[in-house]
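The structure appears right after this line, and notes come after that.
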Amino acid sequence: MGEGTSKPPVHSYRISGLAVASQLELLGAIDAPANDDGPDITVRLQTAPETLEGGVAGGPNWEIAGERVLLRVPRVARFLIEGGRHIGVELEPGATARDASIFVLGVSFGILLHQRGAMVLHGAAVARDGRALAICGASGDGKSTLATALCREGFEFVADDICAVSLDEARRPVVWPDGRQLKLWREAIERLDVAARQGAAVREGIEKYFIGAPASVLAAPRLTAVYVLGEARPPEPEAILPLNLPDAMRALDLQAYRPAIRARIGSKPHNLAQSAAVLSHAPAFRFVRPRGFEHMDRLVATLAAHWEALRR
């Protein structure tokens, strides 16, 4: 869609603490009043280049040139992310705004947050009494499922999939509420008994759905611990293991959202200083646990008790 064509209505959201004005309806994002001072981020339907002048390939489907990143998703769209402030979307023939919205809220917004200098963790976060914990791990490790189970036990939902962390005025890490719904596979929805909050499918043709959280935070809570999920396999027992500083620094680097993109956008000294500042207030642990819903109640109790003991 060119710049001269008629423009769709603008939708307003607050995502990762940022006011967003979007020409696309972003499925899974929660509507929010428009910011009186104007948006921090704009999302527009526009033409996007096939390649960036002077760009350097960072991977098979993205390239970078200064403060511009071009992301190509075959049969869906090209996304131009610029300066931490704008996401431009050109739909491929036959694709819809609904098809593109998941990539706006996902990888495009993750790139944009990296451009803005935030630490972006690939994880879920929940909070209680103004304190938050982050649950990190690879795709399919059960981060969202564990976060949902914690919310059933009185925690508040903060973020899912993309955790934007910044430092407050006292240089303590805080996690920004992401303004999006949880995403769960159908089996998790049934086993956690949250079907009453099930929304639309994340993408057509897959059994993953948006889920409304029972309670969400409004202000950014302090991040007080990071748990990296691992699977307990005999003879390794279930355990929560503290990570020493070098291993914790390495874990934060590996648990960054799209670490290869973070490495190309942010400088190494900035990333190291950011990780050190976070870990000075939020220790990192490896949470080794068995897979399976039959263990969920015990795992939630174990994790909640360990986290609560950190404040003593």
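Worth knowing before you read on, the calculation uses all heavy atoms, side chains too, and leaves out hydrogens, waters and symmetry mates. Predicted model, so just to flag it, every value in this text is computed and none were measured.
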* Output, in order, the C-alpha distance, side-chain angles, deciding distance and verdict of side-chain hydrogen bond (donor to acceptor under 3.5 Å, both in side chains) for Ser144 and Asp160. => CA-CA 6 Å; Ser144 301; Asp160 180 37; 2.4 Å; yes

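Note on residues 47-65: pairs passing salt bridge (charged side-chain N to carboxylate O under 4.0 Å, His left out), not counting sequence neighbours, are Glu50-Arg78, Glu63-Arg72. Note on residues 269-288: pairs passing salt bridge (charged side-chain N to carboxylate O under 4.0 Å, His left out), not counting sequence neighbours, are Glu236-Arg286. Residues in residues 247-260 take part in these salt bridge (charged side-chain N to carboxylate O under 4.0 Å, His left out) pairs, two or more places apart or across chains: Asp247-Arg250, Asp253-Arg262. Sorted by first then second residue, the side chain to side chain donor-acceptor pair (under 3.5 Å) pairs that include residues 165-174, not counting sequence neighbours, are Ser166-Trp176, Asp168-Arg172. Residue pairs that meet the ring pair (Phe, Tyr, Trp, His ring centres under 6.0 Å) test with at least one member in residues 87-118, sequence neighbours left out, do not exist here.
Counting heavy atoms from C-beta outward, Asp178 and Val158 have side chains that stay 4.5 Å or more apart.
For Asp141, the side chain to side chain donor-acceptor pair (under 3.5 Å) criterion is met by no residue, not counting sequence neighbours. The side chain to side chain contact (heavy atoms under 4.5 Å, CB included) search around Thr148 returns Leu182, Leu184, Leu192, Val194, Arg197, not counting sequence neighbours. Trp62 pairs by the ring pair (Phe, Tyr, Trp, His ring centres under 6.0 Å) definition with nothing, not counting sequence neighbours. In this structure Arg298 satisfies the salt bridge (Lys or Arg N to Asp or Glu O under 4.0 Å) test together with Glu238, sequence neighbours excluded. With sequence neighbours excluded, no residue forms a salt bridge (Lys or Arg N to Asp or Glu O under 4.0 Å) with Arg289.
Counting side-chain heavy-atom gaps under 4.5 Å among Ile, Leu, Val, Met, Phe, Trp and Tyr, the cluster of Leu241 also holds Val288.
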For residues 120-136, dump all side-chain donor-acceptor pairs below 3.5 Å to protein atoms at least two apart in sequence or in another chain.
unit_1: His122; atom_1: NE2; unit_2: Asp161; atom_2: OD1; d: 3.1
unit_1: Arg128; atom_1: NH1; unit_2: Glu308; atom_2: OE2; d: 3.2
unit_1: Arg128; atom_1: NH2; unit_2: Glu153; atom_2: O; d: 2.9

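For Glu82 and Arg68, the salt-bridge test passes: some basic side-chain N is under 4.0 Å from an acidic carboxylate O.
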